[in-house]
Amino acid sequence: MSSAAAKPADDTEQLRAFLADSLALWHVDGTVHAADAPVIAEVRAVSGTIVWVERAGTDTPFRWFARWRRAGDAPGGVREGRPRACGSLVGLLAALREALGVERGSPIRVVSAPEPA
Amino acid sequence: MIPVSVLTGFLGSGKTTLLARLMRDPAMGKTAVIVNEFGAIGLDHDLIETSEESFVQLSNGCLCCNVRSDLTLTLADLAARRAQGTVPPFERVVIETSGLADPAPILHALMTERDLAGFYTLDGVITTVDALLGITTLEQHEESRRQVAVADRIVITKTDVAGADVDALRQWLAHLNPGAMASAGVQGAIAPSVLFDCGSYDANSKHPDVGAWLARTSHSYQGHQGNHGHTHSDDYSSISLLREAPLRAVTLPLLLSALAENFGADLLRVKGIVHVLESPERPAVIHGVQHVYHAPVWLPRWPSADRRTRMVLIGRNLRESWVRKLIDMLDAEVADETARHT
C-alpha cells in the first residue's frame, strides 16, 4: 500500500468529492476528509463508522484499498487491519456500502438479447 | 419469436377501452390477450372482443406480485397450446395489467424467465394516462409514476373531456420519461402501428425505435442544456446524459453495475446509445429495467450524423451530478489501467 503511485492532487480531491456525493446518494450522514498518507480519504459517518481509503500501488492488480472500523469496534479490528482490495471504483463503492451498512441494489444481471426473428 | 406488449396504466385510465378498440382492428387479428384484473370478478372479457381460446383472465391478485406463478405459467401454457393447435396461431401477445401493477417485475420475467426465452420477446410497454385526472394521479400515486417511467408508448386518454389540460400533462410525461412517444387516443382510437413493434428490446439490426427515440430525447437534452423551465415536486424524474467523448468498452459494464448497485430500486429504467471507443462505427444500444439488462446490441451503423453517447435514466432520487462524475471517473480509471498494461 505504501508504494501507491503518485496521482495529481485534483484526482484525489475529485475522489473525495465523489465519495461525499455517494454518502448523500445513500442517505448516509457523514463527511469525507483528507488524511495522512497513505490514506487519501477518511470517511466519517455520524453513526461512528470510519472508513479509510488508500490507493493501491502500481505493483498490485488493484486500484484501491479500504479499511474500516465500525461504531463500537475496538481499534485494530479485522477490517481495520486487513484492508479490502478493490479492482475498480465500483468495488470501492461496494466496500464503502458494506462498511456503512448501506443496502442498495442487486448486482447487475445481463440477459441475452432475443435472437433475430 | 412472438412479441409481447405490456399494456399498463392507472385505475380508470382507459386500458380496457384502448384494448377493446385495438382488438377490433384487423391488424390485431392474431393476438392473444392476457388480462389481469384485481377484483375477484373479472369484467374485461365482456368488454374485449377476442376469441375465447386466446383470452386468458388472471383474477387472483395483482400480476406483478405473482409473476412467476401466474404470468410465466400462463405464457408457457399458451405457447404449448399454440404448438398443439388448441389455440389459434397467435402472432402477438398483449398483457393488460391491473391498474395498480408495477410493470417492472413483469418486464423482468419477460426478459429473464428461461421458460419463456426462445418463444417470446418483449416488444414494449404501453401506458395509458387519463388527460383529465392524469396529473393528479401522477402526483398522488407512485404506481402511476412507475407505469409512466417504464413506458415506450404513452396513450393520453380522454382528451375530449372538458377541462383536460393536455399540454400540462405532456410536460409532466416528458419530464418523467422523455424517451416515450406520447399520443392522444380518444375512446381508444389509435392505430396499432403507433403502439406496437416498438423495437425497444429488438435484437434485429433494423432497430426501428432507435431513430425515433433519439429524436424524442434530443429535445430533452436541448431543454436540459438550455432553460428547462418547468419543475416538478415529484420524486420520479429522468436524467438525460450527453457525452461527446467515447466511452471505453470496459467502462460500460462497470457503469451499468455501479448504477444498479448504488441506485438500487430507485433506478427503474436505463436506455441509451453509446459511442464505444473501440467500435466507432457501430454504437451500442443498451436497455435495462432496474438491475436487469439485455446484453448490448450493436447497431450496424449510427442512425444519424450525431455520434454522441446519449443515455436516459428514469427513476427516483437520481443524482445527475453523481452519475456524471461516476462516468468521468470510471472512464479515467479504465484509461489509466489500460495504459498501465500496454
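In the text below, chain A, chain B and the rest are named by the order of the sequence lines, each starting its count at 1. All heavy atoms count here, side chains included; hydrogens, waters and symmetry mates do not.
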Task: Closest non-hydrogen atom pair, B:Met329 against A:Leu89 - done: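 For B:Met329 and A:Leu89, the tightest heavy-atom pair comes out as CB-CD2, 3.8 Å.
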TODO: Work out which heavy atom in B:Asp336 is nearest to a heavy atom in A:Arg63; give both atom names and the distance.
DONE: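 Looking at all heavy atoms of both residues, the closest pair is OD2-NH1, 2.9 Å.
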- [ ] Report the C-alpha distance between B:Lys325 and A:Gln14 in whole Å, list the side-chain angles of each, state the deciding distance to 0.1 Å, and finish with yes or no for side-chain contact (heavy atoms from CB on, under 4.5 Å).
- [x] CA-CA 8 Å; B:Lys325 287 178 193 169; A:Gln14 187 184 27; 5.7 Å; no
Please indicate whether [X] has more than 12 foreign heavy atoms, meaning atoms of other residues, nucleotides or ligands, lying under 6.0 Å from its [atom1].
{"X": "B:Arg243", "atom1": "CZ", "result": "yes"}
{"X": "B:Glu278", "atom1": "CD", "result": "yes"}
{"X": "B:Arg301", "atom1": "CZ", "result": "no"}

Task: Side chain / backbone / both / neither for B:Leu259 at chain A, heavy atoms under 4.5 Å - done: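 The answer is neither part of B:Leu259.
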- [ ] Decide yes or no for B:Ser321 and A:Asp21: does some side-chain heavy atom of the first lie under 4.5 Å from some side-chain heavy atom of the second?
- [x]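 Yes; the side chains approach each other to less than 4.5 Å.
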TODO: Look at the side chain of A:Arg97 and the backbone N and O of B:Asn262, then say whether any donor-acceptor pair between them is shorter than 3.5 Å.
DONE: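 Looks like no, no N/O pair under 3.5 Å.
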TODO: Look only at the side chain of A:Arg104 and the backbone of B:Phe263, and say whether a donor-acceptor pair between them is shorter than 3.5 Å.
DONE: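 Answer holds: yes.
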- [ ] Measure the CH2-CZ distance between A:Trp26 and B:Arg319 for me, rounded to the nearest 0.5 Å.
- [x]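 The CH2 atom of A:Trp26 sits 11.5 Å away from the CZ atom of B:Arg319.
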Open item on the list: Quick check on the interface: out of B:Leu255, B:Leu326, B:Leu256, B:Asp328, who has the most heavy-atom pairs with chain A under 4.5 Å?
Closed with: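 Of the options given, most contacts go to B:Leu326.
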